[in-house]
Amino acid sequence: MTLRTVFAFLIGALAIQTSPPPASDSVTYASKAGPGRGRHIVLLTGDEEYRSEEGLPMLAKILSQRHGFTSTVLFSLDPDGTINPKNTHSLSNPAALDTADAIVMLLRFRNWSDQDMARFEKLLLSGKPIVALRTSTHAFNGFPKGSRWESWNYNNEGGFGKRVLGETWLTHWGRHKIEATRGVIEPAQQNNPLLRGVSNLFGESDVYEAYPSPDATILVRGVVLKGLTSDSEPADYKKPRSTDKVEQGVNDPSMPIVWTRTNKNPNGTTNRIFTTTMGAATDLENEALRRLLVNAVYWGLGLDVPQKADVTYVDEYKPSFYGFDGFRKGLHPSDFELGKKVPGEPLPRPTSK
């Protein structure tokens, strides 16, 4: 062995020893071949109720293994590295936002540090597309008066949700944990590329009251059902709107549950915004909803939407039913790596009455 060979070997060994280890506070799925190759999708989990920490890793695996997008999932963590959706201050591996080409988010009442919020704001101002699920309409809250981020609070004229997504949190329109949602495509949007291959849209989570901004395009409305199964009959009672207290039938008309809009930033950039008030981990068992979300990523990035995107699971998926404090305790981001079965038992569905 020559001196040059020995020297090269030592340099290589030193490089291996000093290379940073893979991030243990997030999980990244390397891309396979596909139209998304070379694009990085960052998925933000962080809600106390709808099990985004279970649903979004499953979606990220589909995006990476079926469509070629490198996908990174970030979590809310406790100091010991375990996943705790109730830790509203935590965003793991926020540096991943710096290389994101698009984000998929399911957040609720987060109040991150100034540094993490600044990273998110930079991404927004760069004009990157956003795919927002369920409680993302009220993604941020708890910033004190005078904070740089005070205007992001959901109850500050609608905050981030109203300003960027087109709507904030108002109320549950359907009865929570009692009345599920059937999606009905707006007749004028039947040929919208976002809806390619989307039919029989259903979710066990209830319809939110929502009135997207006038510049939004409503794609799907949500029929309030009398039960939690897809074959339940439409509900037929009336209730007052939270906005003007006028009473109307809950399905007359049905509330919007999917819409798009273009968000114009003060620096002149624009974001393609896709929002759905569906998105609980159990909702994502619905093939049509998974396909709609994959379509939204393609659309947001300006890529051709597949005629029927492959959204088959990559690994076993048995999600928890939604509910506060219903998350599986003691999990780490590494538990969601490819090929792994998620430990613990999911929160069960309520017993049918």
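Nothing here was measured: the structure is a model prediction, and the numbers come from that model. Here, residue 1 is the first one in the sequence, and each next residue gets the next number.
- Listed by chain and number, the residues in a salt bridge (charged side-chain N to carboxylate O under 4.0 Å, His left out) with Asp114 amount to none (sequence neighbours excluded).
- Taking the six-membered ring where the residue is Trp, Phe140 and Phe160 present perpendicular rings, their angle passing 60° and hence far from 30°.
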**Study point:** Stepwise side chain to side chain donor-acceptor pair (under 3.5 Å) test for Asp25 and Ser92
**Key:** CA-CA 6 Å; Asp25 55 359; Ser92 70; 5.1 Å; no
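- By the neighbour-count criterion of 12 heavy atoms within 6.0 Å, atom CD of Glu233 is sparsely surrounded, having that number or fewer from other residues, nucleotides or ligands.
- Residues Ser71 and Leu43 approach most closely at CB-CD1, 4.0 Å, considering heavy atoms.
- Residues forming a salt bridge (charged side-chain N to carboxylate O under 4.0 Å, His left out) with Lys177 (at least two apart in sequence, or on another chain): none.
- The side-chain hydrogen bond (donor to acceptor under 3.5 Å, both in side chains) test applied to Thr168 returns no partner, not counting sequence neighbours.
- Side-chain contact between Gln65 and Leu338 is present, with heavy atoms from C-beta onward closer than 4.5 Å.
- Sorted by first and then second residue, the ring pair (Phe, Tyr, Trp, His ring centres under 6.0 Å) pairs involving residues 76-97 (not counting sequence neighbours) form an empty list.
- To the nearest 0.5 Å, atoms CG (Leu219) and CG (Leu195) are separated by 5.5 Å.
- Annotation: salt bridge (charged side-chain N to carboxylate O under 4.0 Å, His left out) contacts of Lys318 (sequence neighbours excluded): Glu316.
- Remark: Lys329 NZ is packed, more than 12 non-hydrogen atoms of other residues, nucleotides or ligands lying under 6.0 Å away.
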Practice item. Given side chain to side chain donor-acceptor pair (under 3.5 Å), test Tyr211 with Glu209 step by step and report yes or no. Key: CA-CA 7 Å; Tyr211 310 98; Glu209 185 175 4; 2.5 Å; yes
Practice item. Let me see the working for Lys239 and Glu179 under salt bridge (Lys or Arg N to Asp or Glu O under 4.0 Å), right down to the final yes or no. Key: CA-CA 14 Å; Lys239 67 182 296 184; Glu179 296 174 333; over 6 Å; no
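- Relative ring orientation between Trp169 and His172 is described as perpendicular, the plane-to-plane angle rising above 60° on a 0-90° scale split at 30° and 60°.
- Within a 6.0 Å radius of CG in Asp80, other residues, nucleotides and ligands contribute more than 12 heavy atoms.
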Enumerate, atom names and distances included, each donor-acceptor pair closer than 3.5 Å involving a side-chain atom of residues 250-257, sequence neighbours excluded.
from   : atom 1 : to     : atom 2 : distance (Å)
Asn251 : OD1    : Val224 : N      : 2.8
Asn251 : OD1    : Ser254 : OG     : 3.3
Asn251 : ND2    : Val224 : O      : 3.1
Asn251 : ND2    : Ala235 : O      : 3.0

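- Geometrically, Arg290 does not engage Tyr317 in a cation-pi contact, judged by NZ or CZ lying under 6.0 Å from the ring centre and within 45° of the ring axis.
- Taken from CG in Leu133 to CD1 in Ile130, the straight-line distance is 12.5 Å, to the nearest 0.5 Å.
- Residue-environment remark: CD (Glu247) exceeds the threshold of 12 foreign heavy atoms within 6.0 Å.
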Review point. Step by step, would you call Asn84 with Asp78 a side chain to side chain donor-acceptor pair (under 3.5 Å)?
Key: CA-CA 6 Å; Asn84 181 4; Asp78 275 338; 3.1 Å; yes
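- The backbone N or O of Ala288 lies less than 3.5 Å from no partner atom in the side chain of Asn200, so there is not a single donor-acceptor pair.
- Pairs engaging residues 254-281 under the salt bridge (Lys or Arg N to Asp or Glu O under 4.0 Å) rule: Asp215-Arg261 [sequence neighbours left out].
- Every residue two or more places apart in sequence or in another chain that forms a side chain to side chain contact (heavy atoms under 4.5 Å, CB included) with Glu121 is listed here: Leu125, Arg148, Trp149, Trp152.
- Note that CZ of Phe143 and CH2 of Trp112 are 8.0 Å apart. Values are rounded to the nearest 0.5 Å.
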**Study point:** Pair Leu292-Phe274, side-chain contact (heavy atoms from CB on, under 4.5 Å): steps then yes or no
**Key:** CA-CA 10 Å; Leu292 179 61; Phe274 173 96; 3.7 Å; yes
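- Ion pair Asp206/Lys226 not flagged as a salt bridge, since none of the NZ, NE, NH1 or NH2 atoms sits closer than 4.0 Å to an Asp/Glu carboxylate oxygen.
- Applying the salt bridge (charged side-chain N to carboxylate O under 4.0 Å, His left out) rule to Arg241 yields the partners Asp244; only residues at least two apart in sequence or on another chain are considered.
- In this structure a side-chain-to-backbone donor-acceptor pair under 3.5 Å is missing from Asn295 to Val305.
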Point to revise | Test log, rule side-chain contact (heavy atoms from CB on, under 4.5 Å), inputs Val131 and Val297 | key: CA-CA 7 Å; Val131 176; Val297 171; 4.3 Å; yes
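- Within the structure, the side-chain hydrogen bond (donor to acceptor under 3.5 Å, both in side chains) test picks out the following pairs touching residues 53-64 (sequence neighbours left out): Arg51-Glu53, Glu54-Ser320, Glu54-Arg328, Lys61-Asp315.
- The backbone N or O of Lys128 sits nowhere less than 3.5 Å from a side-chain atom of Asp101 that would complete a donor-acceptor pair.
- The ring pair (Phe, Tyr, Trp, His ring centres under 6.0 Å) search around Tyr29 returns none, not counting sequence neighbours.
- Note on Leu44 and Ile83: separate hydrophobic clusters, where clusters join Ile, Leu, Val, Met, Phe, Trp and Tyr whose side-chain heavy atoms are under 4.5 Å apart, directly or indirectly.
- Shown here is Asp325, whose CG atom has more than 12 heavy atoms of other residues, nucleotides or ligands within 6.0 Å.
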Practice item. Could you go through the salt bridge (Lys or Arg N to Asp or Glu O under 4.0 Å) check for Arg349 and Glu204 one step at a time? Key: CA-CA 10 Å; Arg349 286 169 166 82; Glu204 289 178 325; 2.8 Å; yes
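- In this structure, the side-chain hydrogen bond (donor to acceptor under 3.5 Å, both in side chains) partners of Ser52, at least two apart in sequence or on a different chain, are Asp47.
- With rounding to the nearest 0.5 angstrom, the OG1 atom of Thr276 is 11.5 Å from the CG atom of Leu165.
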Practice item. Please test Leu106 against Thr45 for side-chain contact (heavy atoms from CB on, under 4.5 Å), starting from the C-alpha separation and ending with a verdict. Key: CA-CA 5 Å; Leu106 203 174; Thr45 76; over 6 Å; no
Review point. So His40 and Thr72, side chain to side chain donor-acceptor pair (under 3.5 Å) or not? Walk me through it.
Key: CA-CA 8 Å; His40 184 204; Thr72 299; 2.8 Å; yes
Point to revise | CA sep, side-chain torsions, deciding dist, call: Phe69, Tyr298, ring-ring contact (aromatic ring centres under 6.0 Å, His included) | key: CA-CA 10 Å; Phe69 297 98; Tyr298 276 84; 5.5 Å; yes
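- Note that CD1 of Ile273 is 9.5 Å distant from OG1 of Thr270, once rounded to the nearest 0.5 Å.
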Check your understanding: side-chain contact (heavy atoms from CB on, under 4.5 Å) between Phe202 and Leu225: does it pass, once the steps are laid out?
Key -> CA-CA 10 Å; Phe202 170 77; Leu225 302 178; 3.9 Å; yes
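- Hydrophobic cluster membership is shared by Leu293 and Phe336, with clusters built from Ile, Leu, Val, Met, Phe, Trp and Tyr side chains linked at under 4.5 angstrom.
- How far OG1 of Thr171 is from OH of Tyr208: 9.5 Å, rounded to the nearest 0.5 Å.
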